[in-house]
Colleague: 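A single structure is presented below for examination.
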Amino acid sequence: MAREAGVHGWCPYTFDRTKHYLIVWGDECVSRIALREDSLPQTGHDPSLDTYAFMLKEWLTTGEMHEVPFMLKDVSAFDRSVLATLAKVPHGYVTSYGAIARALGIRSPRAVGQALKRNPLPLIYPCHRVVSSDCGLGGFSAGTDLKTHLLVREGACADDGTVRRDRMFHDL
DNA sequence: CGAACGGCCAAAC
DNA sequence: GTTTGGCCGTTCG
């Protein structure tokens, strides 16, 4: 995470008995979020975004999510198209890197993976709902443990963390 | 400019 | 089960 400038809010949350931080970038609207295990950035704190950070913490811990203002900034056309396709995957379902690539008419699932890694708004654009085509977990920028945790709670993974085949969503 | 690198995948042993 | 060759947007030199 190279750029620290412009950080406006953060909120601690607990996952797996370890303290994590949810960090929010943005001015009027949130333009970027990061989930962090390590220390807080030493930048100014904007209390107006604490509400947003708190909502995301609630979502992480209880699954409650309300409408929030957000916007995409500094995102390439390709990344936007990936995110737009991703947004169709409903709660409780998963899709694959290859399925997104096919929906976009390209033949490079890996390019899709690269774009998801750059997702500026994790959770809002649910990149945790993308797994490999053989129902393996795939990766996650904030750590695969958190990815599994989210998918189990959404019902797309069984309690043992394996992806449920019948939760593959194909209609993109 | 070029080269290398992925959160991958389908086909083939 | 494992290996292989291709994929393509981005990043870095």
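To find a chain, count down the sequence lines: A is the first, B the second, and so on, and within it residues start at 1.
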Colleague: Would you kindly give the NZ-to-C1' distance between Lys117(A) and dC8(B), to the nearest whole Å?
Modeller: 13 Å
Colleague: Going 5' to 3' along DNA chain C, between which two nucleotides do contacts with chain A fall, using a heavy-atom cut-off of 4.0 Å?
Modeller: dG6(C) to dT11(C)
Colleague: When you measure from the side chain of Lys88(A) to the backbone N and O of Asp171(A), does any donor-acceptor pair fall under 3.5 Å?
Modeller: no
Colleague: Could you tell me whether a side-chain N or O of Thr61(A) sits under 3.5 Å from a main-chain N or O of Lys57(A), the two making a donor and an acceptor?
Modeller: yes
Colleague: Need to verify one output field. Residue with the more 5' nearest nucleotide on DNA chain C, Arg110(A) or Arg118(A)?
Modeller: Arg110(A)
Colleague: At 4.0 Å (heavy atoms only), tell me whether Tyr97(A) reaches a base, stays on the sugar-phosphate, or touches nothing.
Modeller: base
Colleague: If we take the P atom in both dG5(C) and dG7(B), what is their distance in whole Å?
Modeller: 22 Å
Colleague: Is there a side-chain contact between Trp59(A) and Tyr13(A) (heavy atoms, below 4.5 Å)?
Modeller: no
Colleague: Does the side chain of Leu60(A) come within less than 4.5 Å of Leu123(A)'s, by heavy atoms?
Modeller: yes
Colleague: Below 4.0 angstrom from OP1 or OP2 of dC8(B), is there any side-chain N or O of Ser133(A)?
Modeller: no
Colleague: Output the distance between atom NZ (Lys147(A)) and atom OG1 (Thr144(A)), rounded to the nearest 0.5 Å.
Modeller: 8.5 Å
Colleague: Let me confirm one number: the CZ-CG distance from Phe78(A) to Leu83(A), rounded to the nearest 0.5 Å.
Modeller: 10.0 Å
Colleague: How many whole angstroms separate atom CG of Asp134(A) from atom C1' of dA11(B)?
Modeller: 14 Å
Colleague: Let me check something: do Phe169(A) and Tyr97(A) share a hydrophobic cluster, defined by ILVMFWY side-chain heavy atoms less than 4.5 Å apart, either directly or through other members?
Modeller: yes
Colleague: What's Thr144(A) touching, base or sugar-phosphate or nothing? Going by heavy atoms closer than 4.0 Å.
Modeller: nothing
Colleague: Rounded to whole Å, please give me the gap between CD in Gln114(A) and C1' in dC8(B).
Modeller: 10 Å
Colleague: Measure from CZ on Arg107(A) to P on dA11(B) and round the result to the nearest Å.
Modeller: 13 Å
Colleague: Are Leu86(A) and Cys127(A) side-chain neighbours, meaning at least one heavy-atom pair lies under 4.5 Å?
Modeller: yes
Colleague: In whole angstrom, what separates Ile106(A)'s CD1 from dG6(B)'s C1'?
Modeller: 13 Å
Colleague: What pairs meet the salt bridge (Lys or Arg N to Asp or Glu O under 4.0 Å) rule with one or both residues in residues 102-130 of chain A, with sequence neighbours excluded?
Modeller: Asp79(A)-Arg118(A), Arg129(A)-Glu154(A)
Colleague: Could you run through DNA chain C and flag its stems, i.e. three or more consecutive Watson-Crick or G-U pairs with both distances under 3.5 Å?
Modeller: B:1-6 with C:8-13, B:8-13 with C:1-6
